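Below is one structure, written out as structure tokens; comments come after it.
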Amino acid sequence: MRFLVTVRIPDRAAVAPLVPMHLAYLNAETDAGHFLAFGAFADGSGGWLIAEAESLGALESILAKDPAAAVKSVTYSPEEIHVGRVGALTVG
């Protein structure tokens with residue numbers, strides 16, 4: 001299953017010390033094949049990622065490992081998606 005996850009960070013000051021660990025987490029999960037892409041919103045209010053997991057529960061377990069999750073105001077909103085096309089690639 002693939003998911004689009006919206007991440008909201010209302011208290012950027014609380015998350016700022018965790019950013020290096022958060023980026024390391026994102027890169028490690030991408031290298032492990034759990035995340036296909038990720039990025040930040042231009043206004044700094046959070047970001048997004050495209051994830052692949054066997055179930056919503058499995059995804060929630062992966063997201064719980066994010067160091068930024070320690071800040072209780074950070075929220076993750078996953079939505080199951082079906083990817084039709086990425087760039088010049090057609091995804092089946």
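What you are looking at is a predicted structure, and each value in this text was computed from that prediction instead of being measured. Scope of the values below: all heavy atoms of this structure, side chains included, with no hydrogens, waters or symmetry mates.
Leu63 and Leu4 end up in different hydrophobic clusters when Ile, Leu, Val, Met, Phe, Trp and Tyr side chains are linked at under 4.5 Å. Under a hydrophobic-cluster definition in which Ile, Leu, Val, Met, Phe, Trp and Tyr are linked whenever side-chain heavy atoms come within less than 4.5 Å, directly or via other members, Ile81 and Leu56 are assigned to different clusters. Note on Val5: it does not cluster hydrophobically with Ile50, by side-chain heavy-atom contacts below 4.5 Å among ILVMFWY residues.
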Per-pair distances, 0.1 Å, donor-acceptor, side chain in residues 15-25, under 3.5 Å, sequence neighbours excluded:
| unit_1 | atom_1 | unit_2 | atom_2 | d |
| --- | --- | --- | --- | --- |
| His22 | ND1 | Asp66 | OD1 | 2.8 |
| His22 | ND1 | Asp66 | OD2 | 3.1 |
| Tyr25 | OH | Ile62 | O | 2.8 |

Please tabulate, for the side chains in residues 28-37, all donor-acceptor contacts under 3.5 angstrom to protein atoms that are two or more places apart in sequence or on a different chain.
| unit_1 | atom_1 | unit_2 | atom_2 | d |
| --- | --- | --- | --- | --- |
| Glu29 | OE1 | His34 | ND1 | 2.5 |
| Thr30 | OG1 | Leu26 | O | 2.8 |

Tell me which donor-acceptor pairs under 3.5 Å the side chains of residues 40-49 have, and how far apart each pair is, sequence neighbours excluded?
| unit_1 | atom_1 | unit_2 | atom_2 | d |
| --- | --- | --- | --- | --- |
| Asp43 | OD1 | Ser45 | N | 2.9 |
| Asp43 | OD1 | Ser45 | OG | 2.7 |
| Asp43 | OD2 | Ser45 | OG | 3.4 |
| Ser45 | OG | Arg8 | NH1 | 3.1 |

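Among residue pairs with one or both ends in residues 50-63, those qualifying as side-chain hydrogen bond (donor to acceptor under 3.5 Å, both in side chains) are Arg2-Glu52; sequence neighbours excluded. Among pairs with a residue in residues 67-81, none fulfils salt bridge (Lys or Arg N to Asp or Glu O under 4.0 Å), at least two apart in sequence or across chains. Every pair tested for salt bridge (Lys or Arg N to Asp or Glu O under 4.0 Å) that includes a residue from residues 12-23 fails, sequence neighbours excluded, so the list is empty.
Annotation: side chain of Thr75 is not in contact with side chain of Val7 (no heavy-atom distance under 4.5 Å).
Between Ala68 and Tyr76, the closest heavy-atom pair is C-OH, 4.0 Å.
With sequence neighbours excluded, the residues satisfying side-chain contact (heavy atoms from CB on, under 4.5 Å) with Ser73 are Pro10, Asp11, Val71.
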